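Reading through the structure tokens given below for one structure.
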Amino acid sequence: MGRFKNTKYLNAIQKGIMAWSSENPRHLPWKDNRDPYQIWVSEIILQQTRVEQGLPYYLKFMERYPTLLDLANSTEDELMKIWEGLGYYRRARHMHQSAQIIVQQYDAIFPQNYSDILQLKGVGSYTAAAIASFAFDLPYVVVDGNVIRLISRLFALVDPVDDPSVRKEIENLASMLLDKTDPAFFNQAIMDFGAIQCKPVHPECNHCPLQEKCQAFQKDMVNLIPAKKEKKPRKTRFFYYLVPYKDEFFYIRKRSTTDIWSGLFEFYLIEFSEEVDWSKILPNVDLPIKRVHRQQNKYKQQLSHQIIQAEFLTVELIDDISILERDKYTRVKRKKIRNFAFPKVIDCFLKDKDVILNLH
DNA sequence: AAGACGGGGGT
DNA sequence: ACCCCAGTCTT
């Protein structure tokens, strides 16, 4: 592989990527934009998220928080409502914290050098490089999923790309490829190239400008690269939600920071590691239940590391709600329930429930 | 070095 | 059912 790490070869690849990009421009709201705040927002939203999925959230976000000060002055709960359904909710909480740090420590001026940007919560090497290059023309190369795939194929790296040593090698190669005279254009180009030309499945090798430079193509190994380590099987968790209400109020609670969906709200949760019948659960529930609704709702959700099977049972309470207050549950008007951010399974439940209870 | 963290879309 | 996605943080 070493013989391909020469200037002439790397230069040809660099020029090929940039020429391709000139011929295949991509138009997105955050492109041709030098505002570090807007770039930051778009990059955080797009972490592990497809452009098509993130775009509507970006538009909604910028409408509600046009400036960094708007974000810093918001509440975390309102921000979570904007983020609802997008996943990886830690991103939103980190953004909120970072916005307030920028206001306090940088006088609301977005930091303008790589190491300061990298210090921000939720900003790693990829996002720092993206902001530094797009907003400030600083020569830091972006290494995202697209770049990892493209480089591992170009240089026929057969070892797992999620191995730290391989990852390091990819970052070295990417740095050598970077056009330091125009890092913003190059970074955009290499990501676009990976996303559109060097796709994960069915890459456009038959009309690829880098075909003869691509070691994977030359060795007929494109479909074997990038290699990944084996993944562990997902565990299934069984969530049994009681949906307590009394008069016009629901009782909900914010989830802790040590589990999935932290910062989102939920109802009264009893969790098991296996399927359980409600008849076994209800007698042991510590709630002053007056009446149990007949309607039961079941949902299944696949997450990246676990599978959630959730069941919902609505219950009417009698007067004594001290148990709920002790456990940090708060009451909210039933018609205001949609002002709070919920995980997808609860969102699905509420959508079905709307029909039944005619909420809103 | 490995695990955790969401949800949607493609095959 | 499995893979991937404009990754980052924690242990």
Side-chain angles (χ1 to χ4, degrees), chain A residues 26 28-31 33 39-58 80 83-95 97-98 117-131 133-134 140-150 160-168 170-171 174 184 187-196 198-203 223 226-237 255-264 299-308 341-348:
Chain A
R26 239 177 144 189
L28 294 166
W30 49 82
K31 285 187 66 170
N33 188 337
I39 293 166
W40 175 50
V41 172
S42 70
E43 294 302 340
I44 299 291
I45 287 177
L46 291 173
Q47 286 171 4
Q48 293 292 281
T49 304
R50 292 169 189 279
V51 168
E52 311 82 62
Q53 187 188 0
L55 181 53
Y57 283 87
Y58 175 79
M80 295 308 284
W83 210 269
E84 183 182 35
L86 191 54
Y88 287 154
Y89 298 94
R90 191 168 53 184
R91 291 183 290 178
R93 294 184 289 113
H94 279 154
M95 284 192 86
Q97 294 168 23
S98 294
I117 296 170
L118 188 58
Q119 296 294 325
L120 298 172
K121 298 285 184 192
V123 174
S125 61
Y126 163 75
T127 305
I131 298 171
S133 62
F134 295 147
Y140 296 89
V141 72
V142 290
V143 180
D144 70 340
N146 294 311
V147 174
I148 289 169
R149 181 173 57 255
L150 173 60
V161 294
D162 39 7
D163 186 285
S165 64
V166 178
R167 169 70 193 228
K168 186 81 180 164
I170 291 172
E171 287 178 359
N187 278 342
Q188 192 61 62
I190 194 171
M191 285 194 287
D192 287 352
F193 192 99
I196 296 169
C198 197
K199 295 180 291 186
V201 291
H202 305 312
N223 54 352
K228 299 279 179 71
K229 289 179 183 170
E230 206 171 327
K231 284 177 185 164
K232 301 218 161 176
R234 285 177 292 194
K235 291 215 161 59
T236 302
R237 300 169 70 180
R255 285 181 61 83
S256 77
T257 56
T258 55
D259 197 358
I260 55 170
W261 303 329
S262 77
L264 300 187
Y299 305 89
K300 184 173 179 178
Q301 174 158 26
Q302 309 255 358
L303 305 181
S304 41
H305 288 74
Q306 45 192 295
I307 299 167
I308 308 295
F342 292 99
K344 187 49 107 181
V345 275
I346 297 182
D347 181 55
C348 290

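Keep in mind that the numbers below use all heavy atoms, side chains included, and drop hydrogens, waters and symmetry copies. Letters go in sequence order (proteins before strands), and every chain restarts at 1. Predicted model, so just to flag it, every value in this text is computed and none were measured.
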Can a side chain N or O of A:Q302 be found less than 4.0 Å away from OP1 or OP2 on B:dG7?
no
How would you list, by chain and number, every residue that makes a side chain to side chain contact (heavy atoms under 4.5 Å, CB included) with A:K229, sequence neighbours excluded?
A:P160, A:D162, A:D163, A:P164
Do any N or O atoms of the protein come closer than 3.5 Å to N or O atoms of nucleotides 9-11 of chain B, and which pairs are they?
none

Distance check, C1' atoms only: B:dC5 and C:dC4, in whole angstrom units.
16 Å
Which residues pass the ring-ring contact (aromatic ring centres under 6.0 Å, His included) test with A:F134, sequence neighbours left out?
none
Hits for salt bridge (Lys or Arg N to Asp or Glu O under 4.0 Å) against A:K231, two or more places apart or cross-chain, chain-then-number order -> none
When you measure from the side-chain N and O atoms of A:Y57 to the phosphate of B:dG7, is any distance below 4.0 Å, counting only OP1 and OP2?
no
C1' gap between C:dC5 and B:dG6, integer Å
12 Å
Checking A:Y299 now: which residues fulfil ring-ring contact (aromatic ring centres under 6.0 Å, His included) with it, not counting sequence neighbours?
A:F312
Quick one: salt bridge (Lys or Arg N to Asp or Glu O under 4.0 Å) partners of A:R50, sequence neighbours excluded?
none
Using a 4.0 Å cut-off to any heavy atom of chain A, which nucleotides of DNA chain C are the first and last in contact, reading 5' to 3'?
C:dC4 to C:dC9
Taking only residues two or more places apart in sequence, or in another chain, which ones meet A:R237 in a salt bridge (Lys or Arg N to Asp or Glu O under 4.0 Å)?
A:D259, A:E271
All side chain to side chain contact (heavy atoms under 4.5 Å, CB included) counterparts of A:L86, not counting sequence neighbours
A:I45, A:T49, A:Q53, A:Y57, A:W83, A:R91
In whole angstrom, give me the gap between the P atoms of C:dT8 and B:dG8.
22 Å
Within residues 226-235 of chain A, the residues having a heavy atom closer than 4.0 Å to DNA chain C are A:K228
Tell me, please, which residues at least two apart from A:T236 pass side chain to side chain contact (heavy atoms under 4.5 Å, CB included).
A:F238, A:I307, A:Q309
Counting Watson-Crick and G-U wobble pairs whose two distances are both under 3.5 Å, find the runs of 3 or more in a row that involve DNA chain B.
B:1-5 with C:7-11, B:7-11 with C:1-5
